[in-house]
Amino acid sequence: MDQEFKFDEKEYKKLSVSFRRVASRFIRSHFRESNDNLARFLIFIEESPVIYEFIQENNVKQFDIEDIIQRRGYNDKFKLPVRESEEIAFIYQLLKHIQVNDIDYVNIAMGYNDGRKLQEAVDKFNNQVAKPLIDHIVSYLGEMAIDMGLDKKSGTQFNIREFRGQLNHADGHAQISANQTYNETKVEELKDIAQKFAQALIEDTSIPDTDKEDTVELVEAAVQEVESEKPKKVIVRTAMDQVRTVNDVAGAGANVITLGTQLLQMFQGFIG
């Protein structure tokens with residue numbers, strides 16, 4: 001895979017976390033918010049050079065989306081192309097057509113529901129049509145992680161960068177504030193809990209592997225945000241939401257729940 005855009009591990013993780021957040025908001029849309037969340041999803045894709053390049057590389061075959069929509073019966077579902085590249089192109093063009101022409105998302109989704117519930121129609125359309133595009137992008141980002149060597153961590157490792165706090169300097173009568181923005185002791189404590197939580201998570205057989213991978217990735221990104229000069233609270237909150245989700249998994253071990261709760265408290269202390 002030839003990457004035109006190069007960035008470091010931290011930038012990659014920020015992109016991955018941000019994409020998952022926007023995609024999750026879109027795929028779980030309330031039917032009244034579907035058009036707005038679709039717009040947010042497409043704007044994110046098109047303003048992210050890395051992801052948009054991937055879309056454009058696959059957006060080769062052109063489909064007459066307007067004709068396809070007009071010919072579609074009320075209860076007919078869209079037939080997705082078999083070839084991966086064409087599937088990516090078709091779904092992207094369909095979603096873009098909806099956005100550009102300000103078509104009611106619910107009208108497009110009708111036919112995917114078994115009854116008259118509008119939310120069911122949107123949920124099933126998103127799962128059967130929109131989600132495959134999201135999955136292709138997630139797979140692409142996963143390949144990028146492999147190319148960057150981020151896959152070399154073993155299943156029992158949880159690598160968080162060493163603390164890189166802000167170096168304060170005082171000249172003359174200047175005073176270094178006792179209320180430092182980042183407290184090295186607290187950060188080290190956070191990293192220790194995060195590592196223990198990840199280890200407990202990996203060893204818990206009741207939690208799906210995909211959930212483990214997503215959680216570890218999000219927690220790593222959140223810890224690195226806490227270490228940064230201006231941490232993005234949305235990334236930390238996204239990680240917290242994922243930890244809560246894992247803690248709510250039926251059968252989750254007591255160790256995971258206990259450490260997850262401690263981790264949530266630590267994160268909350270950093271973002272206020």
Side-chain angles (χ1 to χ4, degrees), residues 1-5 15-16 19-29 31 34-35 37-115 117-148 151 208-211 213-214 217:
M1 179 177 58
D2 183 20
Q3 299 179 71
E4 180 180 347
F5 302 95
L15 173 63
S16 180
F19 174 74
R20 290 171 187 270
R21 172 175 53 83
V22 173
S24 177
R25 182 176 182 180
F26 166 50
I27 210 75
R28 298 176 182 177
S29 294
F31 73 89
S34 297
N35 283 90
N37 287 337
L38 168 62
R40 293 184 178 98
F41 176 70
L42 291 176
I43 288 172
F44 182 90
I45 286 176
E46 291 162 5
E47 291 185 351
S48 170
V50 171
I51 296 177
Y52 193 54
E53 179 190 44
F54 167 72
I55 295 295
Q56 291 303 101
E57 285 177 350
N58 289 280
N59 193 26
V60 177
K61 181 174 181 178
Q62 295 300 309
F63 297 89
D64 190 341
I65 299 296
E66 184 173 359
D67 181 67
I68 292 172
I69 292 175
Q70 289 179 350
R71 290 176 177 272
R72 173 185 173 228
Y74 182 77
N75 290 316
D76 291 344
K77 294 178 172 60
F78 291 101
K79 183 174 176 56
L80 301 182
V82 175
R83 293 184 181 276
E84 181 178 308
S85 181
E86 293 179 4
E87 183 178 56
I88 293 169
F90 177 82
I91 299 172
Y92 175 74
Q93 289 173 33
L94 174 61
L95 296 178
K96 190 66 179 177
H97 183 85
I98 296 171
Q99 180 202 25
V100 170
N101 295 281
D102 197 25
I103 299 174
D104 188 343
Y105 200 85
V106 174
N107 287 343
I108 293 293
M110 293 305 292
Y112 282 80
N113 53 326
D114 297 324
K117 294 183 178 180
L118 302 182
Q119 189 62 51
E120 180 187 6
V122 169
D123 289 343
K124 289 190 174 182
F125 174 81
N126 282 345
N127 188 60
Q128 296 178 36
V129 179
K131 189 175 182 296
L133 177 62
I134 293 172
D135 290 342
H136 286 307
I137 295 174
V138 169
S139 294
Y140 171 69
L141 293 175
E143 291 175 7
M144 289 188 64
I146 294 173
D147 289 345
M148 295 173 69
D151 64 316
D209 289 340
T210 53
D211 286 347
E213 293 170 2
D214 288 347
E217 180 179 335

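Just so it is clear, the structure is predicted and the values come from calculations on it, not from any experiment. All values below come from the heavy atoms of this structure, side chains included, with hydrogens, waters and symmetry mates left out.
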Would you find a donor on one side and an acceptor on the other, under 3.5 Å apart, between the side chain of [X] and the backbone of [Y]?
X: Ser24; Y: Arg21; result: no
X: Asn126; Y: Lys131; result: no
X: Asn101; Y: His97; result: yes
X: Gln93; Y: Lys61; result: yes
X: Gln119; Y: Ser29; result: yes

Using side-chain hydrogen bond (donor to acceptor under 3.5 Å, both in side chains) as the criterion, list what pairs up with [X], not counting sequence neighbours.
X: Arg83; answer: none
X: Gln128; answer: none
X: Asn113; answer: none

Of all heavy-atom pairs between [X] and [Y], which one has the smallest distance, and what is that distance?
X: Ala121; Y: Met110; result: CB-SD, 4.1 Å
X: Gly73; Y: Asp76; result: N-OD2, 2.8 Å
X: Arg40; Y: Val22; result: O-CG1, 3.9 Å
X: Tyr105; Y: Ser34; result: CD2-CB, 3.3 Å

_A quick test of your reading: do over 12 heavy atoms of other residues, nucleotides or ligands sit less than 6.0 Å from NZ of Lys117?_
no

*Does atom CZ of Arg28 have more than 12 heavy-atom neighbours, drawn from other residues, nucleotides or ligands, at distances under 6.0 Å?*
no

Side-chain donor-acceptor contacts of residues 44-52 below 3.5 Å, not counting sequence neighbours, with atom names and distances?
residue : atom : partner : partner atom : Å
Glu46   : OE1  : Lys96   : NZ           : 3.1
Glu46   : OE2  : Tyr92   : OH           : 2.7
Glu46   : OE2  : Lys96   : NZ           : 3.0

_Whether Phe54 and Tyr140 hold their rings parallel, tilted or perpendicular, with breakpoints at 30° and 60°_ = parallel

*Who pairs with Asp123 by salt bridge (charged side-chain N to carboxylate O under 4.0 Å, His left out), at least two apart in sequence or on another chain?*
none

With a 3.5 Å cut-off and sequence neighbours excluded, list the donor-acceptor pairs that the side chains of residues 63-70 form with protein atoms.
residue : atom : partner : partner atom : Å
Asp64   : OD1  : Asp67   : N            : 3.1
Asp67   : OD1  : Arg71   : NE           : 3.0
Asp67   : OD2  : Arg71   : NE           : 2.8

